[in-house]
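In what follows, chains carry the letters A, B, and so on, assigned in the order in which the sequence lines appear, proteins first and then strands, with residues in each chain numbered from 1.
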Amino acid sequence: MVRTRFAPSPTGYLHIGGARTALFNWLFARHHRGSFILRIEDTDVERSTEEATQAILDAMEWLGLKWDEGPYFQSKRLHLYREHVERLLERGLAYRCYCTPEELEERRKRALEEGRPPRYDGRCRDRKDRPDLPHAIRFKVPRNGATIVRDLIKGTVSFDHSEIEDLVILRSDGMPTYNLCVVVDDALMGITHVIRGDDHLNNTPKQILLYEAFGYKVPEFAHVPMILGPDRTRLSKRHGATSVTAYREMGYLPEAMVNYLVRLGWSYGDQEIFSVEELIEKFSLENVGRSSAVFNPEKLLWLNAHYIKEKDDRELAELLVPFLEKRGYRARGDERLPKIVKTLKERAKTLEEMAEMADFYFAEEIEYDEEARKRFLTPERLEIFDALIEGLSGLEEFTEKGIEGVFRRIMEEKGLKLGKLAQPVRVAVTGRTVSPGIFETLEALGKERTIKRLKKARDLLKEATL
RNA sequence: GGUCCCAUCGUCUAGAGGCCUAGGACACCGGUCUCUCAAGCCGGAAACACGGGUUCGAAUCCCGUUGGGACCGCCA
């Protein structure tokens with residue numbers, strides 16, 4: 001039975017990298033019909049917040065990454081970690097360290113300056129007295145030998161014990177540290193596969209040593225490469241929008257985000273588009289690459305446009321409503337919505353953009369683009385507008401087909417090409433020279449508003465003629 | 001500085017020694033369609049970091065160089 005987990009620390013929002021790690025874990029578990037566990041690593045009391053926890057949960061739900069167990073909170077499992085530290089202490093595998101953080105910081109700084117490795121020197125390791133002073137607990141890393149990490153992605157990696165310092169496992173305030181908690185939890189929770197960012201590869205030998213000290217079975221490890229910013233350094237806030245939530249707010253669809261994220265580091269031949277079902281079927285660690293990947297917002301945008309085009313009009317309309325409301329329109333319940341969405345879905349790359357393009361459908365009064373007005377709302381079009389208003393008013397069914405019929409008839413009568421009709425009407429109705437096809441636009445806008453806007457334009461022309 | 005990881009078009013990647021004159025996708029450029037803009041379709045430019053081996057044969061295997069990244073916390 002495969003068991004994987006995602007273990008974020010609630011110190012900020014779910015970012016792109018974390019989301020991909022979660023996705024890989026989720027897909028791996030689903031693929032093997034195993035369990036996916038969510039665990040919140042909140043042992044850093046200073047930086048952990050409830051808001052961050054909630055934001056992470058929300059983002060995961062939005063992405064569709066449902067967890068089978070949890071969320072577990074490490075802050076509620078402190079007794080387990082302390083008990084484990086006690087076990088190590090009793091067996092002489094851990095010891096009290098009385099060095100203060102300030103002293104350690106000072107020594108680290110000096111070591112770096114002098115070009116020595118900034119590692120703890122183990123000075124408290126063999127200390128015999130046990131004064132009643134503040135102290136941390138450190139794990140005794142064997143002085144000799146090496147630990148081999150067999151990684152499903154990176155292969156076999158060897159770490160010499162001389163390179164590993166005696167790590168702190170219990171802080172002087174009694175709180176356990178990451179390397180201890182992660183081992184205790186993964187062991188107790190029966191995690192079979194630890195899939196995480198390769199920034200953890202260097203921690204892995206320490207953790208293996210802890211597993212062994214406790215006599216626990218070591219899980220399989222899979223370290224996935226980092227996601228980088230355009231400057232090829234680890235993706236972070238200074239690279240712009242990196243939180244999953246930010247993309248949701250910009251009008252991205254979760255399908256696009258999932259599809260984009262999975263292809264960052266994983267591939268399946270030449271295929272680019274994957275449904276979630278397909279991913280569950282096809283995902284495997286063997287097809288995860290070993291090199292880091294640069295985050296490319298343009299491709300994500302393309303995928304988003306793709307999924308917008310594919311989505312059902314009614315569902316899309318539903319998703320668009322909040323974005324319209326943000327622009328001040330009471331769009332909910334407007335029965336034109338699916339039709340409106342239909343005219344826009346081929347053109348908009350995000351919901352935000354779609355709402356922007358939909359402006360003219362909802363605005364009480366439209367504003368003419370000055371250039372467009374000058375060019376297309378000219379006195380000699382007066383005739384056209386009169387004919388159009390008459391023809392369209394007479395339509396029983398205000399449909400694309402009927403509208404086109406009226407246009408064609410007028411074109412024939414006046415001997416005009418469609419462009420001569422469509423552009424002035426477009427400007428009259430949308431205020432701009434760019435819009436979806438004119439017939440579908442008019443139908444979606446509705447008869448009443450169409451006629452009203454045409455009349456307004458006509459009156460403007462009349463005034464100009466006088 | 002030490003340790004570890006990585007290296008195919010600008011970017012994401014295919015490639016498991018001959019199928020490679022290196023394939024796909026995004027972005028870019030051109031054409032086509034056309035009521036505008038998109039979308040779609042067709043086409044174009046664009047890469048095996050370098051040097052040594054191994055082999056009849058290397059993008060693929062080995063070594064080195066160079067370059068990039070991560071880690072070296074009483075953060076996770």
B:G53 versus B:U60 - spacing of their C1' atoms, nearest Å: 15 Å
Pair A:Trp266 + A:Phe24: ring centers closer than 6.0 Å: no
Quiz item: A:Arg426 side-chain donor-acceptor pair to B:C35 base, under 3.5 Å: yes
Whole-Å distance separating the CE atom of A:Met357 from the C1' atom of B:A38: 7 Å
Touch class at under 4.0 angstrom, heavy-atom based, for A:Gly419 against every strand present: sugar-phosphate
Phosphate contact (B:C72 OP1 or OP2) by A:Arg116 side-chain N/O below 4.0 Å: no
A:Arg347 (side chain) and B:C37 (base): donor-acceptor pair under 3.5 Å: yes
Sole residue of A:Asp199, A:Asp198, A:Thr204 in side chain to side chain donor-acceptor pair (under 3.5 Å) with A:His223: A:Thr204
Sugar-phosphate only, base, or nothing, as touched by A:Phe407 at under 4.0 Å among non-hydrogen atoms: nothing
Nearest-angstrom distance from the residue atom CG of A:Asn304 to C1' of B:C26: 14 Å
Interatomic distance, A:Ile227 CD1 vs B:U11 P [rounded to whole Å]: 16 Å
Spacing between A:Asn287 atom CG and B:A16 atom P, to the nearest angstrom: 12 Å
Sugar-phosphate only, base, or nothing, as touched by A:Leu301 at under 4.0 Å among non-hydrogen atoms: nothing
Touch class at under 4.0 angstrom, heavy-atom based, for A:Glu46 against every strand present: nothing
Gap between atoms CZ and P, on A:Phe221 and B:C4 respectively (whole Å): 18 Å
Interatomic distance, A:Lys345 NZ vs B:A39 P [rounded to whole Å]: 16 Å
Check: A:Tyr260 ring centre within less than 6.0 Å of A:Phe295 ring centre: yes
Any donor-acceptor N/O pair under 3.5 Å between B:C74 base and A:Ser172 side chain: yes
Value in whole Å for how far the P atom of B:A14 lies from CZ of A:Arg263: 7 Å
Touch class at under 4.0 angstrom, heavy-atom based, for A:Thr433 against every strand present: base
Touch class at under 4.0 angstrom, heavy-atom based, for A:Thr11 against every strand present: nothing
Touch class at under 4.0 angstrom, heavy-atom based, for A:Lys417 against every strand present: nothing
Rounded interatomic separation in angstrom, taking CZ from A:Arg138 and P from B:C74: 6 Å
Sugar-phosphate, base or nothing in reach of A:Gly289, heavy atoms under 4.0 Å: nothing
Earlier contact from the 5' end, RNA chain B, for A:Arg290 and A:Gln423: A:Arg290
Sugar-phosphate, base or nothing in reach of A:Asn203, heavy atoms under 4.0 Å: base
A:Glu114 (side chain) and B:G1 (base): donor-acceptor pair under 3.5 Å: no
Donor + acceptor pair across side chains of A:Arg143, A:His161 (<3.5 Å): no
Sugar-phosphate only, base, or nothing, as touched by A:Arg432 at under 4.0 Å among non-hydrogen atoms: nothing
Touch class at under 4.0 angstrom, heavy-atom based, for A:Cys99 against every strand present: base
Sugar-phosphate only, base, or nothing, as touched by A:His223 at under 4.0 Å among non-hydrogen atoms: nothing
Full working for ring-ring contact (aromatic ring centres under 6.0 Å, His included) between A:Phe36 and A:Phe28: CA-CA 9 Å; A:Phe36 173 61; A:Phe28 188 77; over 10 Å; no
Short side-chain N/O contact from A:Ser267 to OP1 or OP2 of B:A14, under 4.0 Å: yes
Minimum-distance nucleotide (side-chain atoms of A:Arg108 versus B:C4, B:C74, B:A70): B:C74
Donor-acceptor contact below 3.5 Å, side chain A:Glu440 vs main chain A:Gly437: yes
Touch class at under 4.0 angstrom, heavy-atom based, for A:Ile438 against every strand present: base
Passing option when A:Asp166 is tested against A:Lys140, A:Arg119, A:Arg125 for salt bridge (Lys or Arg N to Asp or Glu O under 4.0 Å): A:Arg125
Side chain of A:Val434 (C-beta onward), nearest among B:G2, B:C4, B:U36: B:U36
Proximal nucleotide (of B:C26, B:A39, B:C35) relative to the A:Glu346 side chain: B:A39
Sugar-phosphate, base or nothing in reach of A:Pro436, heavy atoms under 4.0 Å: base
